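Working notes for the structure below.
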Amino acid sequence: LDFYDVAAHECLVDPIMEKRLGFKRILIANSDIKIENIDQKIGKFGAAIAYGSDKKRLYEHARNGTKGLAILDSGIDLKLLGSMAENETILCIPMAPMTTARNYEVSRTIYRNTKLIEKAKKYKIKISLISMAPTSTYLCSSIQLIELGKMMGLDEKYARYSVSTVNGELWD
Amino acid sequence: MAVRDKHRYILVETSVSTALRTNKQLEYKLYSAMMGVLGSMNYHKVNPKIVRFSGDSAFALKVRHEGADSAMAALALIRSLDGKTMGFYTTKSSGTLQALFKK
């Protein structure tokens, strides 16, 4: 399987590093893949991934053909999940809020993501596991992404599918 | 008949060079950080131990078979050691130490 990951635009990654971590490609935000922070910008559609915590705007992005959505606060909005299922939008789970957080915040984020994944599975939404690392220190290897996915309630087969096929679909 | 524990060996690479090879205290700090992530109740299921170093930025971690998955997830959540920011990337996992370095 070919594994893919997505990192923030400040993250410096070379091909040797990509290979070491077990990825075919680590996509860098806004140079390899267009990512939009919807909490900062208003109105534009056409990004591959939109992220933020404003559910209304995430809902608009789901309806306007954005490939993947990342819900930053991991809040569950049934209307949004319904729309994502209808439009076949991918739910992106970024690991950066977990890897950059400290102490109980880590545990809280894991719990919230677990609940979000549980609901998304019920709605049959595709789940993508990405690191969204702000710097290379916060990158995860492909094995780690899979293990973190398993920790949040995915089975091994789906976690592998998530890091390979679903992440690849974000790039296509 | 005595029952032996099954083990897995994980190859861990660090984002920067560390003094883990020479500084035993730092090694204990890594175990301590892992305990912080796993919790005291689950630490025994992993029981990590560094068994071999490969340069200054890679080492083989021996863990109990049942806790191998937890160990790899825990290492993903540790981003600093002794006040220094660094990443731990698990790149390979194997049943024997020989195979881990051979692959």
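Model, not experiment: these values are computed from the prediction. Every chain is numbered from 1 and lettered A, B, ... according to where its sequence line falls, protein lines coming before strand lines.
If you chain together hydrophobic residues whose side chains sit under 4.5 Å apart, A:L80 and A:L78 fall into the same group. Cluster annotation: A:L12 is not connected to A:L27 through the hydrophobic network of ILVMFWY side chains, with a link wherever side-chain heavy atoms come within less than 4.5 Å. Criterion: ILVMFWY side-chain heavy atoms under 4.5 Å apart, direct or through other members. Under it, B:L26 and B:Y28 are part of a common hydrophobic cluster.
Contacts between A:M95 and chain B at a heavy-atom distance below 4.5 Å are absent for every atom of the residue. Looking at A:M98, the atoms closer than 4.5 Å to chain B (heavy atoms on both sides) sit in the backbone and in the side chain alike. Neither the backbone nor the side chain of B:I78 comes within less than 4.5 Å of any heavy atom of chain A.
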Can you list every donor-acceptor pair under 3.5 Å that links chain B to chain A?
from	atom 1	to	atom 2	distance (Å)
B:E13	OE1	A:R20	NE	2.4
B:E13	OE1	A:R20	NH2	3.1
B:D69	OD2	A:K150	NZ	3.0
B:R79	NH1	A:T137	O	2.4
B:R79	NH1	A:L139	O	3.0
B:R79	NH2	A:L139	O	3.3
B:F88	O	A:Q144	NE2	2.7
B:Y89	OH	A:S136	O	2.6
B:T90	O	A:S141	OG	2.6

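Of all heavy-atom pairs between A:L148 and B:A73, the closest is CD2-O, 3.9 Å.
The stretch residues 30-42 of chain B participates, sequence neighbours left out, in no salt bridge (Lys or Arg N to Asp or Glu O under 4.0 Å) pair at all.
In this structure, A:C140 SG and B:L77 CG are separated by 7.5 Å, a value rounded to the nearest 0.5 Å.
The choice from A:L21, A:L145, A:I110 that makes the most heavy-atom pairs within less than 4.5 Å of chain B is A:L21.
When side chains are defined from C-beta on, A:V106 does not count as touching B:V37, because their heavy atoms never get closer than 4.5 Å.
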